[in-house]
Amino acid sequence: MTVAEEKFSAKFEEVAANIKHRGAYYLEDAKEKGMALVEAKFKDTKLYWLADMKEDRIFSARFFAYGGKVSLVIGETLCSMVEGLTIEEACSILRADVETTLRDNPDLASVPESKQKAFDTVEELLKAVKDQYPAAKGVALASASIKKEDFKSTTELNVVAQAWLGLALEEQKEQIELILDEHIRPALMNDGGNVQLLDVTDGEKVLVQYQGACGSCGSSLGATLSFMESTLRKHIYNEINVVPQV
């Protein structure tokens, strides 16, 4: 196989360098927002979607992929494509739709021929979503602690997002520092580490620098990072992405 055959499109590489939807949702996340959590897994990729039950509309999508760069980019692209769509609309997406989205040139594939089969995952995952969503919605509706009249609509949740994004940078930093102090730093300090907040970009990208033992810990890009992201998303804003700086 030649070097040229191994090249990916620039769009593919850009997505790979800017993963925003990595992570998971749990039943408590869905319960808190009055939404259904639908999970779907195929081979090395698992999807986690929160859906507004009033509209069957996907409020937010997350994923985990363990099959390497191509699987990671497919998961990221699919999640970005489905947010805002109804379950029915999302499940009509084809493997070709995702692959074409990642092309620089409509006539040139985004990945080498040897990697094309990875896109089969798209339709298998969406079949699983379509099969599992009715049960996921039923579980949410049957939850004794959730009353139908209390469900939050996608519009209401967007108001919360707008409120966060409307804050000044220093106000955003203050809120993040509070959550770091209360929920994150104590756990890190117990293991001899810490984290410093460097900056916040566009209300979504939180730049941090690990300190102490965290700087050399193998989980700093795995479990620790996921813990930090999920905590900030839960307490502040659902689209936050934590980016460690060297």
Side-chain angles (χ1 to χ4, degrees), residues 14-15 17-35 37 48-52 54-55 57-64 76 79-84 146 150-215 217 219-246:
E14 183 179 350
V15 173
N18 293 278
I19 300 299
K20 297 181 178 180
H21 293 81
R22 176 190 60 238
Y25 282 121
Y26 303 97
L27 285 175
E28 53 264 34
D29 299 317
K31 182 178 177 181
E32 181 180 298
K33 292 177 171 62
M35 293 188 172
L37 170 63
Y48 303 83
W49 292 359
L50 291 180
D52 180 344
K54 282 185 176 180
E55 306 170 9
R57 190 173 300 280
I58 301 156
F59 170 69
S60 188
R62 299 281 179 235
F63 79 99
F64 275 121
E76 174 67 22
C79 284
S80 67
M81 290 175 70
V82 302
E83 287 183 336
I146 298 180
D150 292 333
F151 290 158
K152 294 180 180 178
S153 69
T154 302
T155 300
E156 290 169 326
L157 287 166
N158 284 339
V159 170
V160 175
Q162 290 171 7
W164 164 253
L165 295 175
L167 293 177
L169 175 60
E170 290 307 313
E171 293 175 314
Q172 291 178 341
K173 286 183 176 180
E174 287 176 7
Q175 289 201 28
I176 291 173
E177 288 283 10
L178 287 174
I179 300 304
L180 291 175
D181 285 342
E182 184 175 354
H183 298 282
I184 296 172
R185 286 192 173 113
L188 300 182
M189 293 171 73
N190 281 341
D191 292 326
N194 206 334
V195 65
Q196 177 186 3
L197 174 63
L198 298 178
D199 200 3
V200 181
T201 304
D202 299 327
E204 296 184 358
K205 184 178 290 186
V206 175
L207 305 178
V208 301
Q209 187 171 58
Y210 289 119
Q211 298 176 323
C214 289
C217 177
S219 68
S220 61
L221 297 178
T224 300
L225 180 60
S226 294
F227 164 64
M228 200 178 312
E229 279 188 339
S230 62
T231 302
L232 291 174
R233 288 169 180 170
K234 178 179 180 180
H235 291 280
I236 295 181
Y237 177 49
N238 194 53
E239 301 298 325
I240 281 178
N241 295 281
V242 178
V243 180
Q245 300 295 291
V246 179

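For clarity, every value in this text was computed on a predicted model and none was experimentally measured.
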Looking only at heavy atoms, the pair that brings E229 and N241 closest together is OE2-CA, 3.6 Å

A side-chain contact here means heavy atoms from C-beta on lying under 4.5 Å apart; do S60 and Y25 qualify? yes

Can you tell if the side chain of V200 reaches within under 4.5 Å of the side chain of L207, non-hydrogen atoms only? no

May I ask you to check whether over 12 heavy atoms, not counting those of D181, lie within 6.0 Å of atom CG? yes

Minimum side-chain heavy-atom gap L225-Y210 below 4.5 Å: yes

Are K173 and D199 packed together at the side-chain level, in the sense that at least one heavy-atom pair is separated by less than 4.5 angstrom? yes

Do V195 and L180 come close enough that some side-chain heavy atom pair is under 4.5 Å? yes

Would you say the side chain of V208 lies within less than 4.5 Å of the side chain of Q196, judging by non-hydrogen atoms? no

Mind telling me whether Y48 and Y26 have parallel, tilted or perpendicular rings, with 30° and 60° as the class edges? tilted

Are E177 and Q172 side-chain neighbours, meaning at least one heavy-atom pair lies under 4.5 Å? no

Could you check whether E83 and H21, counting side-chain N and O atoms only, form a donor-acceptor pair closer than 3.5 Å? yes

Crowding at NZ, K20 (>12 non-hydrogen neighbours, <6.0 Å): no

Taking every heavy atom of G23 against every heavy atom of R62, the minimum-distance pair comes out as O-CB, 3.3 Å

